[in-house]
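Working notes for the structure below.
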Amino acid sequence: MQLTEGSGKPTMVEKVLISIFIITITAKIQINSIAIGLLAVWWLVAGRYKLSFAVLKNSRLFLTLLAYYLMHVVSLMYSSNLPYGLRTLETKSSLIALPILLCGIRWDIRLRNYTLKLYLVTVIVTTLISLVSTVIQYGFDMSDLSYFSWVLPMTIDLPANYYALFVVFALVILIFGTLKSIFHIKTPLVIAGVIYLLVFLALLSSRASFFAFFMILLIYSGRLIFSGKKEVRRAGIIATLITCVLAAVLVVSVPYLRDRVSQVVRGLDNDPRYPVFKSCVEVISTYPIFGVGIGDVQDVLKETYKKHNFQEALMNNYNPHNDLLQIQVTTGIVGTALFLFLIFLMLRFLWIERNIFMISFVVLYLSASVSESVLERNKGVVFFAFFLTVIFILKLMVPTNGTPMQHRQEL
C-alpha cells in the first residue's frame with residue numbers, strides 16, 4: 001500500500017540536509033548531532049510532521065521501537081543513578097528521532113541512489129583519512145600490521161566494532177548496488193573498491209563484522225547455487241570458493257585478526273568477554289522481570305566485577321558487550337520481549353521481500369550484537385536507526401517498477 005500524501009520530488013533543501021547527515025555520519029558525535037538538529041529544525045519549519053505521522057502511525061516496526069525506548073524511560077523511575085540514565089536515554093533518542101525525521105522527507109529513487117553513493121564515498125574517504133594519518137604517525141611496516149588494528153579507529157575517534165559496521169555496509173552497497181543496477185560504476189573501480197575496503201576491514205580486526213560480511217556473500221552464493229539454472233549455479237559455486245579463499249587469506253595475513261579468530265576456535269572460555277557474560281547472567285538471575293534500570297546498569301555490573309575480582313572489566317567499566325544481555329540487565333523480560341519482537345518483525349519483512357539489503361542489514365546487526373552492545377553507543381544507534389528506517393520502514397531498497405518512489409506502509 002502506498003501513501004499519496006507527500007508524494008513528489010524531494011526539494012533541494014531535503015537533498016542538502018540528507019547530504020550533511022551522511023557526510024557527518026562517521027564524524028564525531030557532536031558534528032553528526034548538528035546534522036540531526038538541522039533535520040529537526042527543517043522538519044518543524046516545513047511542517048513535515050504530518051507526513052511523518054502518516055507514514056509511521058501504522059508502522060509496527062516503529063511502534064515497537066517506540067515501546068522499546070519508552071520501556072527504557074520507565075526504567076529510569078526505579079534507577080538510583082539518574083544522571084547516567086538520562087545520558088543513556090539521550091544517546092538512544094536517535095532510535096526514535098531519526099525515523100520520525102527521515103519519514104518527513106519526500107524520497108524518490110534518485111534521492112535513494114544518491115544517498116547510497118554518498119554513504120559509500122563518505123566511508124571510503126573516512127578510511128583514507130585513517131590510513132594516511134596512521135602511516136604519517138607510525139610509518140608502514142609490512143612485517144607487522146598489528147598496530148593498524150589499534151590505531152585506525154583512534155584516528156577518527158570511532159571504536160573498531162562500529163567502524164567495521166560502516167565499512168561492511170559500504171561493501172554491501174558497492175557490490176550489490178552494482179549487481180542490482182541501483183547505480184553504475186565501472187567494473188575495475190568496483191573490484192578495486194571491494195579489495196580496498198576488504199583489506200581495511202581485515203585491518204580493523206572486528207571478528208563479528210568480518211564474519212558477517214562473508215556470511216552475507218555465502219548466503220547470496222547459496223541463492224545462486226539453488227536457483228535451478230545451470231549457468232547461475234556455476235557462478236554461485238565459483239563465488240562460494242572465492243569467498244572462502246579470500247576470507248582465509250585475510251585471516252592468515254593480518255596478525256591481530258588471526259589471533260582474535262583463534263580465540264573463537266579455542267572456545268568461549270578463551271574470550272575476554274566471557275567473564276563479562278557470566279557477570280551479566282548473575283545480575284539477570286537477581287533482577288529477571290524489570291532489570292536494574294537504565295541508570296544503574298554499570299553500577300550493578302561494577303559491583304559484580306568487584307565481587308569476582310574481574311579487574312580488567314572493573315578498570316575499563318565494561319558494559320555487557322551483547323545487546324540481548326544489555327537489554328535484559330537493563331529492562332528485564334519486558335524490554336527483552338519488545339526487542340525480540342522487533343527482531344521478529346525485521347525477519348518477517350526479510351522473508352517476505354527476500355531483499356539482499358534487508359538480509360545484509362539483519363545479518364550484520366545480529367552478528368555485531370553478539371559481541372557488542374550496539375544500541376548503547378551513539379554510532380551504533382545512528383547506524384541502526386538510519387538503515388532500519390531506509391530499508392525496512394520506508395522500504396527504499398525495494399524497486400517500484402521504475403516509477404518514482406513514494407513512502408510505502410508495511411505489509
Side-chain angles (χ1 to χ4, degrees), residues 25-26 116 119-135 140 142 144-179 185 189-221 239-240 242-264 356-357 359-372 374 377 379-380 383-384 387:
I25 199 169
T26 59
L116 295 179
Y119 173 83
L120 176 61
V121 171
T122 298
V123 171
I124 291 175
V125 170
T126 301
T127 60
L128 287 172
I129 292 172
S130 294
L131 279 175
V132 171
S133 301
T134 302
V135 171
F140 188 78
M142 280 295 294
D144 183 13
L145 299 174
S146 298
Y147 66 97
F148 272 89
S149 303
W150 293 97
V151 178
L152 286 176
M154 298 180 191
T155 57
I156 59 167
D157 193 24
L158 182 60
N161 290 334
Y162 299 92
Y163 206 159
L165 283 177
F166 286 96
V167 172
V168 170
F169 214 74
L171 272 164
V172 167
I173 289 172
L174 178 58
I175 295 171
F176 297 108
T178 304
L179 290 175
I185 303 176
L189 287 176
V190 174
I191 294 173
V194 169
I195 292 173
Y196 168 72
L197 288 175
L198 265 178
V199 171
F200 193 91
L201 178 63
L203 289 174
L204 286 174
S205 299
S206 172
R207 292 170 299 182
S209 295
F210 185 82
F211 287 145
F213 175 69
F214 284 99
M215 193 183 305
I216 291 165
L217 292 186
L218 290 174
I219 290 172
Y220 185 76
S221 300
T240 301
I242 292 175
T243 298
C244 294
V245 171
L246 189 57
V249 169
L250 289 172
V251 169
V252 171
S253 302
V254 182
Y256 189 54
L257 178 60
R258 184 174 62 244
D259 293 342
R260 300 201 73 199
V261 171
S262 67
Q263 289 178 346
V264 177
I356 189 63
F357 289 103
I359 294 171
S360 302
F361 177 78
V362 172
V363 169
L364 178 57
Y365 168 69
L366 291 180
S367 299
S369 68
V370 170
S371 57
E372 192 65 44
V374 178
R377 299 287 289 267
K379 288 304 179 185
F383 175 85
F384 181 85
F387 284 111

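On a predicted model such as this, the values are computed, not experimentally measured, just so you know. The residues of the chain are indexed from 1 along the displayed sequence.
- In this structure, OG on S367 lies 4.5 Å from CE on M215, to the nearest 0.5 angstrom.
- Applying the side chain to side chain contact (heavy atoms under 4.5 Å, CB included) rule to A164 yields the partners L201, L204, S206, S209; only residues at least two apart in sequence or on another chain are considered.
- Ring centroid separation for the pair F357 and F361 does not come in under the 6.0 Å cut-off.
- Looking only at distances, a side-chain donor or acceptor of Y119 sits under 3.5 Å from a matching main-chain atom of F166.
- Side-chain contact between V123 and F169 is absent, with no heavy atoms from C-beta onward closer than 4.5 Å.
- Interatomic distance, CG of L246 versus CZ of F214, reported as 4.5 Å (0.5 Å rounding).
- L120 places a side-chain heavy atom less than 4.5 Å from the side chain of L197.
- Note that CD1 of I173 is 5.0 Å distant from CG of L116, once rounded to the nearest 0.5 Å.
- Distance check, rounded to the nearest 0.5 Å: CG of L158 to CZ of R377 gives 9.0 Å.
- A side-chain hydrogen bond (donor to acceptor under 3.5 Å, both in side chains) check over residues 193-204, counting only residues at least two apart or in different chains, returns the pairs T127-Y196.
- Contact check for L174 versus I185: side-chain heavy atoms found under the 4.5 Å cut-off.
- C244 places a side-chain heavy atom less than 4.5 Å from the side chain of L218.
- Contact annotation: the side chain of V370 never approaches that of F211 to less than 4.5 Å [non-hydrogen atoms, C-beta and beyond].
- By the 4.5 Å heavy-atom criterion applied to side chains, Y163 and T126 are counted as neighbours.
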- Message: Working note: L165 + L364, criterion side chain to side chain contact (heavy atoms under 4.5 Å, CB included); need CA distance, chi angles, decisive distance, verdict.
- Response: CA-CA 7 Å; L165 283 177; L364 178 57; 3.7 Å; yes
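- Looking only at side-chain heavy atoms (C-beta outward), Y220 and I175 stay at 4.5 Å or farther from each other.
- Remark: aromatic rings of Y365 and F387 are distant, center separation not under 6.0 Å.
- Listed here is the closest heavy atom pair of I216 and S360: CG2-OG, 3.4 Å.
- Between L250 atom CG and F210 atom CZ the span is 5.0 Å, to the nearest 0.5 Å.
- Here the straight-line distance linking atom CG of L131 with atom CG of L203 works out to 7.0 Å at 0.5 Å rounding.
- Judged by distance alone, with hydrogens and angles left aside, the side-chain atoms of T155 form a donor-acceptor pair with the main-chain N or O of L152 at under 3.5 Å.
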- Criterion side chain to side chain contact (heavy atoms under 4.5 Å, CB included) on L217 and F176, from CA distance to verdict: CA-CA 10 Å; L217 292 186; F176 297 108; 4.2 Å; yes
